[in-house]
Protein chains: 2
Amino acid sequence: MMLRLLLGSGGYRTPERVALLTREMRSFFGDIHQLLFVPYALGDHDAYLNMVKERGLDAGYQIIGIHHTANPRQAVENAEAIFIGGGNSFRLLDSLYQFDLIEVIRQRVQAGMPYLGISAGTNVACPTIMTTNDMPIVMPPSLQALNLVPFQINPHYFNLPVYLKDGDNYLPHFGETRDERIGEFHETNDVPVVGLWEAGMIRIEGASARLIGTGARLFRKGCEPIDLQPGADLSDLWQCSGV
Amino acid sequence: MMLRLLLGSGGYRTPERVALLTREMRSFFGDIHQLLFVPYALGDHDAYLNMVKERGLDAGYQIIGIHHTANPRQAVENAEAIFIGGGNSFRLLDSLYQFDLIEVIRQRVQAGMPYLGISAGTNVACPTIMTTNDMPIVMPPSLQALNLVPFQINPHYFNLPVYLKDGDNYLPHFGETRDERIGEFHETNDVPVVGLWEAGMIRIEGASARLIGTGARLFRKGCEPIDLQPGADLSDLWQCSGV
């Protein structure tokens, strides 16, 4: 079966961005009925499920919260498609381990079940969550994640200077830049990292991987980063060792 | 002996901020000769040591890199004072475990050795590094840290909207706000968190704890956050359970 993933950066907070995401979801999921929604990245699962429906992020599909199912593993085994939402990646991964869902999700996706991840849901699709932006509020048993793609994604990526808006003034903010953080990742890890701008997505179908909606910056250990344009073909990331 | 810590937020990137920090360092360390500098939060230890000297962040004290000592534990045991620099908190804590420095630093500081932490060096002074902003590029054996103070600090704190400067335009950036992240921390943890604005410091001497240079926001589980002004007395944080 063909691997099928739609991995979103997050930041779907404007009507244009919601329209971009849901249009892509319709095209990606096609003629299915129900999405199994995994809200574990946030603390209040019901509130998250309601928010997804209210904002129209269900794209018109029936959506069922995994926290409402009697047996989460069984729910994954029976799902037509899975949608893992955003929030805190450490908490999400911890819950996936706690409910023993890592292997069953991996097996179903590798057998062709479509996977939609947003932000934290995109982080956990990668080999590890080591390129998350989130705060380590809980410690999962491991940072190893679903390992569905051979590269890391850094969601909510940007490489512009950060300013804080204080009334009418913009104040500079220091602290490490995102590029510095990803550079630090490559001081101790070899896996390529795709910095995915907000609202962007990577759509993977078998051997095809394409950047949708925004640009991205590709970081490989020991190389200068490369800026990619919307529509760019990312399938090379499956062809090489990544170093 | 009296507990003595100077915990800096980071962002000492302007002449005014460097002057604020080094003036406070002179007042805090007083009449000692040498600082033992711990550069483990960055990958290139020599470059970091040189940068500290070049920017004048040694405040005129002799500074010796712990990575140049034959026996890091012995170096801590013999140090007049310790200065733990910023970078990646996960890498820093991992190195402190790797070199078996957690207990010896804790014992020396509890016995009165002055401790200066900047950014990551401030994170590791807390009970855990669960309120770091850093990327988990390596996994330390535990997120438990030096536990020198009974509260968490979030360095580089801000609660203003984030914009990215693109030419002459400022673009909004979404993703969790810092207050949302700290709120998530309190969904699974009880320890109070001090959000410390860049350039700010907390100076602790025995029962006295004072905010220096900037404001801060105090987060307690289940309470509204409280904004504190420069000079605020933080010693209440030792008086209560924190919930």
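Source: prediction; values computed, not measured.
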Quick one: of [options], who has the most non-hydrogen atom pairs under 4.5 Å with chain B?
options: A:I137, A:T132, A:I129; answer: A:I137
options: A:T128, A:L171, A:N154, A:V162; answer: A:V162
options: A:G10, A:G87, A:S119; answer: A:G87
options: A:E184, A:E176, A:R13, A:E180; answer: A:E184

A:N88 side chain vs B:R181 backbone, donor-acceptor pair below 3.5 Å: no
Heavy-atom closest contact (A:L164 atom, B:F158 atom, distance): CD1-CB, 3.4 Å
Parallel, tilted or perpendicular: rings of B:H173 and A:H156 (30°, 60°): perpendicular
Aromatic plane relationship, B:Y170 with A:Y170 - under 30° parallel, 30 to 60° tilted, over 60° perpendicular: parallel
Quick one: does [X]'s side chain get under 4.5 Å of [Y]'s, heavy atoms only?
X: B:E187; Y: A:L42; value: no
X: B:M135; Y: A:I182; value: yes
X: A:L143; Y: B:P136; value: yes

Ring centre gap for B:Y163 and A:Y163 strictly below 6.0 Å: no
